[in-house]
Amino acid sequence: MRPNDVYLELQKRLASHLRAVLLAKYDLPLENIPLEIPPDLKFGELSTPVALQLARTLRKAPKIIAQEIVASLAGLDGFAGFEVAGAGYINARIDRAEAAQSVAAGEASEPAGKGLHSLVEHTSINPNKAAHVGHLRNAILGDTFVRLLQAAGQKVDVQNYIDNTGVQVADVVVGFLHLENKSLADAHQLLEELRLRGERIDYYCWDLYARTSQWYASGAPEENEARKKLRYATLHELELGNNETSAVAELISTAVLRRHLETMLRLGIEYDFLPRESEILHLKFWDAAFEQLKQTGVLYFETEGKNKGCWVMTRPGAEITEGETNEDAKVIVRSNGTVTYVGKDIAYHLWKFGLLGKDFGYKPFFTYPDHLCWISTEHGVEPHPHFGGAQAIYNVIDARQSDPQANVIQALRGMGYTAQADRYTHFSYEMVALTPRCAVDLGYDVSAEDLARPYIEVSGRKGFGVKADDLIDKLIAATRAETDARQTGRDEAERQRISEQIAIGALRYFMLKFTRNSVIAFDFKDALSFEGETGPYIQYAVVRARNIFRKAATTPEAVLAEFAALTLPQGGGGFGPSHSTQTPVSGHDFSRAEQPPKEEGALAPGGTSSPARIDRYLEGDGNEDIWALWLRAARRTMVLEQCITTSEPAYLAKHAFQLAQEFNNFYHRHHILTEEDPARKTFLLATAAVALRELITALTWLGIESPEAM
RNA sequence: GCGCCCGUAGCUCAGCUGGAUAGAGCGACUGACUACGAAUCAGUAGGUCGGGAGUUCGAAUCUCUCCGGGCGCACCA
């Protein structure tokens, strides 16, 4: 039997059939057949307003068209019938028993894009301070998207770009060398002392960075001028490398980076490669890119206007008038010969697509339980894995950087790399801000102006924000208190593990439940909630399902095997090619809801002369909620594809929640273990087994573990 | 000034390529534990989808305009 995802498969089948019917009947080639999931099961499982849409071109009443189309649909494999409803909708009812067989068998279709080599860049925190809630959103979005691409069968490289030679690192170095008057030897000593005391270097830098930022503006005008000069002199030394200042920067930034990886690992987030800006500079990536940019004419030398003496490029969407100087052009090479950020980013992205003709050196940096994370270096070790050269890339970068991102894409397109430009996704998301109340609770001074705002932007420079590790610690403490109260029979280690799983589940779900372009106004009350639309709610549904199987002394696998026997008296079924036993349906003569849901006689066990179809359990007023659960379980691949094509993990988060909600509802309405009809009991257990399987799969894709108990 | 995002129930948010009575969670109020453990479930109240105009058989969804909020538009990264 060929694998397929029930809903997706039936949708495709109906669409192509409708396309053929429209062509044959009306000579209308219609590429996109609108298909939707109706708002209520009474309208069937799939529906199309295509007749409404065609009314004008065909000059016929929509209802007439719908009836004509329905007449040609009878007997379509996998469907139980079609009917015209409302103003001219065509509603399709699928063969429930047959669909349930497929779902139970765990059939899933291959999503589009299988085998593609993708590269996801996320996290990319400046290594000069502790990670905060904003970085958590980035990393959780990125990591989840990586899991989605992998679930779709893609080969994914996970990268975390490290700007170790930028102003932000320069600022902590200035603070260390000039505010604290310390040396390279002191830096070594500090790291050792912090290690012994069990303190975090990234927390230390959080405060130092904020102090230094203030220091730049807190003196007399001429003092501030000197401090600013010091800042840029330091930055210059970092870029050059091979000096004491850069050695301090390297030492501190690497220690902070290590902390970031540890923080993210608490959330189950891992990386394959850490490309650093220092290597992009020292290995002269830019020189190679510059040649290509000049040759393709993307960059031109400006001889007039405010950008005179610079190499510039035209911005995307800019209207250029012949013979006039484009004052709005983006400067890529400054008049002093140095390269801007966008320039370096173009070089880096040429490398990502394997178009630069240069590569990093590689050395191992961080060890995960099952693989190594590599970091860039000038002279690497052999052998090493190769990164870059991807077919599709995703950059998880906040929405404020959409302009520079668009510039990079524009440059690639201008160089003739249009296929790559099309597969370059700026995976943008809005920031995480704090509600004024949250800021006050944390002890920050909040101005009257800020108090009136809906939210206040987090700022590392100001030291304003919620640190990632603090939030995680707080979440674990809260779940631990709850777990200790509930799981009195379990030992310390077990309770801690469960608490961590729940805490991380709550945090990851919280960051994923919002769509990317909505600003998250962070508040501890919401983030620390474990009820309602939360990760723990979904995890709890899993635990409940598991408890049923434990009490019944069976397993989901055993139940599903039993279920297959129950529903497959002839051993066939499913969505195999030639399995059409449908009776033609004229389109207006059936109404499933009116059939009695249950016969008086007991169900004959599978394998007897009268095929023991399970329709009776899937239809009728009392069973619509069960069928809805099966139907949702059938949507896994559909949701996965939707998430990938729209770069929106929130759809999967919503799907998992709705699945859990329907399961909890089912759990209350139908008591499984006390069910007396053995066949129905098997059916109910199979329902739980399917829900359990789909819940665990969805949670895994979201990077959320399923605890054994809670 | 130009560009992008947002404005949906008291609060926080969904609403897929325009489609059938606008949904969820939280909060409020009513109920359900002799347990497949209530981190749960059922029910009630609550909405001029920011305002206006247009396109359409049909608009929360598309276009225009106005109002309100946010973020970008460096020879910073």
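No experiment lies behind these values; they were computed from the predicted model shown. Order of the sequence lines sets the chain letters (A, B, ...), proteins ahead of strands, with each chain counted from 1.
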Could you tell me how far apart [X] ([atom1]) and [N] ([atom2]) are, to the nearest whole angstrom?
X	N	atom1	atom2	result
A:Q661	B:rG25	CD	C1'	8 Å
A:Q405	B:rG72	CD	P	15 Å
A:I332	B:rA74	CD1	P	12 Å
A:H668	B:rA35	NE2	C1'	11 Å
A:F514	B:rC13	CZ	P	6 Å
A:N665	B:rU40	CG	P	14 Å
A:H671	B:rA32	NE2	C1'	14 Å
A:N32	B:rC16	CG	P	17 Å

Note to self: On the nucleotide B:rC75, are OP1 or OP2 found under 4.0 Å from the side-chain N or O atoms that A:Y341 carries?
What the structure shows: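 For B:rC75, OP1/OP2 do not have a side-chain N/O of A:Y341 under 4.0 Å.
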Check: Do the side-chain N or O atoms of A:Y667 get closer than 4.0 angstrom to the phosphate oxygens (OP1, OP2) of B:rA38?
Finding: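 For B:rA38, OP1 or OP2 has a side-chain N or O of A:Y667 closer than 4.0 Å.
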Next item on the list: Evaluate whether the aromatic ring of A:Y537 and the six-membered ring of the B:rA39 base sit under 5.5 Å apart, centre to centre, with an inclination under 30°.
Entry: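 Here A:Y537 fails the 5.5 Å or the 30° condition.
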Nucleotide nearest [X] (side chain, heavy atoms from C-beta), chosen from [options]:
X	options	value
A:Y455	B:rG37, B:rG70, B:rA20	B:rG70
A:V167	B:rG37, B:rA77, B:rU40	B:rA77
A:F43	B:rA20, B:rC13, B:rC75	B:rA20
A:P39	B:rA20, B:rU12, B:rU40	B:rA20
A:N307	B:rC75, B:rC13, B:rG72	B:rC75

Notebook entry, point to check: When the ring planes of A:F657 and A:Y537 are compared, do they come out parallel, tilted or perpendicular, using 30° and 60° as the limits?
Noted result: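 Ring orientation of A:F657 relative to A:Y537: tilted.
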Given side chains that start at C-beta, do those of [X] and [Y] come closer than 4.5 Å, heavy atoms only?
X	Y	value
A:F427	A:N138	no
A:M431	A:D398	no
A:Q539	A:Y509	no

Just by modelled atom types, is the [Y] backbone N or O under 3.5 Å from a matching donor or acceptor in the [X] side chain?
X	Y	result
A:Y7	A:E45	yes
A:R480	A:E500	no
A:N160	A:S124	yes
A:R546	A:S706	yes
A:S246	A:L240	no

Check: 5'-most contact on RNA chain B: A:A660 or A:Q487, nearest heavy atom basis?
Finding: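 Here A:Q487 is the residue nearer the 5' end.
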Checklist line | Aromatic A:F524 / basic A:K474 pairing, under 6.0 angstrom, 45° off normal | finding: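 Yes.
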Under 4.0 Å, counting only non-hydrogen atoms across every strand here, what does [X] touch: a base, just sugar-phosphate, or nothing?
X	result
A:F549	nothing
A:H670	base
A:F530	base
A:L35	base

Side-chain donor-acceptor contacts of residues 229-236 of chain A below 3.5 Å, not counting sequence neighbours, with atom names and distances?
unit_1 : atom_1 : unit_2 : atom_2 : d
A:R231 : NE     : A:D171 : OD1    : 2.8
A:R231 : NH2    : A:D171 : OD2    : 3.0
A:T234 : OG1    : A:L230 : O      : 2.7

Is there a donor and acceptor pair, one atom on the side chain of [X] and one on the base of [N], closer than 3.5 Å?
X	N	value
A:S335	B:rC75	yes
A:D345	B:rA77	no
A:R669	B:rA42	no
A:S47	B:rA20	yes

Checklist line | Intra- and inter-strand pairs of RNA chain B in dot-bracket (Watson-Crick or G-U wobble, both distances under 3.5 Å; | for another strand) | finding: (((((((..((((.....[...)))).(((((.......))))).....(((((..]....))))))))))))....
Check: In whole Å, what separates the C1' atom of B:rG25 from that of B:rU65?
Finding: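 Straight-line distance between the two C1' atoms is 35 Å.
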Notebook entry, point to check: Between B:rC49 and B:rA59, how far is it from one P atom to the other, in whole Å?
Noted result: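 Taking atom P in both B:rC49 and B:rA59, they lie 12 Å apart.
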Next item on the list: Output the residues of residues 476-484 of chain A in contact with RNA chain B, where contact means a heavy atom of the residue under 4.0 Å from an atom of the strand; sort by number or write none.
Entry: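 A:E482, A:T483 - these, ordered by number, are the residues of the stretch whose heavy atoms sit under 4.0 Å from the strand.
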